[in-house]
Amino acid sequence: MPLNIDWQQILLHLLNFAILAGGLYFLLYKPVKDFMGKREQQYREMDEQARRDRDEAAALRKSAQERLDAAQEEIAQMRIKAGDEMEADKQQMIAEARAEARRILDTAGKTADQRARKALADSNDEIRDLALEAVRKMLLNDEDALDKFLDAAEGGQGNG
Amino acid sequence: MKQHRKGLLLWLAVVAALLALCLAVGPSGGHGDVQAAMRDAVLHDQNRVSLFGFKDVNPGLISAMTVTALLLAAAALIRALVIPRFTLVPGRFQLALETVVGLLDGMAGVREAGRRTFIGAYVFAAGVYIFCGTLFELFGFQAVTTGGHPIALPAPLSDVNAAIAMGCLSYLVILGGGVVHAGAHGAGAALKDFSLPISMSFRLFGALLSGLLVTELVYHYAALSYGLPVVVGVLFTLLHALVQTYVLTMLVGMYYEEVTETPAPKPKKEKRAARERADA
């Protein structure tokens, strides 16, 4: 054969390479590839887990935000309601205070009136007593004057 | 500064000594006829080695078997001692192993997992074999020829039989992949490139043989055996080990991907299928 080509040696080279390829496949290629595949799978799972956790955290955050918004809305409404109630209470208290004041004023007016009337009556009685006393003292000196005065007084009482 | 001067003086002394040696040896160095040596490097018709007394074979076959034995022993050691200790965060050696496997597996080109396992393993084995086989010639393993002379074992693929085996096997792998994955279309696509086994074989053979011949030529003359082999022997060998590994694995991966692709259905067939569906 030209170039010293020998079919038997070609076949021996093929056999040699087949043994080498098989050996390298089972001893190196497959274990290393398996390890790399497992590691890739593990990192993919970790990545997937991280993505799931992130999504879950985002969902939780969204839910918490919604609840916070709802709570804030509720607080605002409660604040408005409390303000209204407070205003109503204030108005009621003012009205009650005014009513109480009016009542006190009325009572005070009536009391003052009674007291004034009583004071007037007392004054009248006192004046009368004083006048009677004064007259008695005068009449001790003049019997006729006493009778005239008594007549006049009785006549005045009948008019008054 | 003083150290630099010392180093410079030392280097000049070494260069002068080598020059003196070259001149002392003279231009007529070398033993035997260089033509005969180079002819033997190509044809291996003189220096043959006995294969366990079974047959006289080219030294390349002995090199191939030695490389295989060494690689399998190294792989077994790595499998037993290193791979069980692999960690999620790789150390240096683990990283190197993963890089080699990943790089050669990536050269397979095919992305689909089902098609990739076989061609990935093949490209990995071929790449490791070509690279380590080419570097093998640097170590100068000795063998005794049938004539009783010691010779340094060459790179396996500098033997034409090894190159033909590798080229034809690669073509058969491509053809087989085409038949298995794409049927008649794949077989047709692979057979269309009928020159591929020859081109692959002789590309490998030519590249490796040229390195061998240049090295043989350089070492044949004693005057050229100082300094120059550092470049010719080591750097060129490293370089063409890388280049040949890249070329063959890339070609195999590329052709395999091409022939195993399932062809897209032709528009006519689609129209006919749509019409049949409409009729049904």
Novice: Please tell me if the side chains of A/M36 and B/D105 come closer than 4.5 Å, counting only heavy atoms from C-beta onward.
Specialist: no
Novice: Take A/Y43 and B/L88, measure what side chain to side chain contact (heavy atoms under 4.5 Å, CB included) needs, and give me the verdict at the end.
Specialist: CA-CA 10 Å; A/Y43 279 124; B/L88 276 183; 4.2 Å; yes
Novice: Give the member of B/V100, B/V82, B/V67, B/T87 that has the highest number of heavy-atom pairs under 4.5 Å with chain A.
Specialist: B/T87
Novice: Answer with side chain, backbone, both or neither: which region of B/V128 has an atom nearer than 4.5 Å to a non-hydrogen atom of chain A?
Specialist: side chain
Novice: Testing the basics here: between B/D159 and A/Q9, what is the closest heavy-atom pair and its distance to 0.1 Å?
Specialist: OD2-OE1, 4.0 Å
Novice: A side-chain contact here means heavy atoms from C-beta on lying under 4.5 Å apart; do A/F26 and B/R79 qualify?
Specialist: no
Novice: Which answer fits B/A74, side chain, backbone, both or neither, if we ask what part of it has an atom under 4.5 Å from a heavy atom of chain A?
Specialist: neither
Novice: What is the distance from atom CD1 of A/I10 to atom CG of B/L61, rounded to the nearest 0.5 Å?
Specialist: 11.0 Å
Novice: In terms of heavy-atom contacts, does CZ of B/F86 have more than 12 from other residues, nucleotides or ligands at under 6.0 Å?
Specialist: yes
Novice: Which bit of A/Y25 comes within less than 4.5 Å of chain B, counting heavy atoms only: side chain, backbone, both or neither?
Specialist: side chain
Novice: Nearest 0.5 Å, what's the CD-NZ distance between B/E98 and A/K33?
Specialist: 10.5 Å
Novice: Can you see which heavy atom on B/L72 is nearest to which on A/G23, and at what distance?
Specialist: CD2-CA, 3.6 Å
Novice: Do A/F35 and B/Q94 have side-chain heavy atoms sitting under 4.5 Å apart?
Specialist: yes
Novice: How many angstroms lie between atom CG of A/N16 and atom OH of B/Y129, to the nearest 0.5 angstrom?
Specialist: 5.0 Å
Novice: Mark yes when over 12 heavy atoms from residues, nucleotides or ligands other than A/E74 sit less than 6.0 Å from its CD; otherwise mark no.
Specialist: no
Novice: Using non-hydrogen atoms only, which part of B/S63 is less than 4.5 Å away from chain A: side chain, backbone, both, or neither?
Specialist: neither
Novice: Quick one: pull up NE2 in A/H13 and CD1 in B/I164 and give me the separation to the nearest 0.5 Å.
Specialist: 9.5 Å
Novice: Quick check on the interface: out of B/P90, B/A121, B/A80, who has the most heavy-atom pairs with chain A under 4.5 Å?
Specialist: B/A121
Novice: Roughly how far, to the nearest 0.5 Å, is OG1 of B/T68 from CD1 of A/I19?
Specialist: 7.5 Å
Novice: Taking atom CZ of B/R85 as the centre, report whether more than 12 heavy atoms of other residues, nucleotides or ligands fall under 6.0 Å from it.
Specialist: no
Novice: Do A/L28 and B/V101 have side-chain heavy atoms sitting under 4.5 Å apart?
Specialist: no
Novice: Quick one: does B/I83's side chain get under 4.5 Å of A/V32's, heavy atoms only?
Specialist: yes
Novice: More than 12 foreign heavy atoms under 6.0 Å from CD of A/E126: is that the case here?
Specialist: no
Novice: Measuring from atom CG of A/D6 to atom CZ of B/R48, what distance do you get when rounded to the nearest 0.5 angstrom?
Specialist: 7.0 Å
Novice: Would you say A/L12 and B/L51 make side-chain contact, with heavy atoms under 4.5 Å?
Specialist: yes
Novice: Would you say the side chain of A/F17 lies within less than 4.5 Å of the side chain of B/Y122, judging by non-hydrogen atoms?
Specialist: yes
Novice: Surrounding NZ of A/K38 (heavy atoms of other residues, nucleotides or ligands, distance under 6.0 Å), is the total greater than 12?
Specialist: no
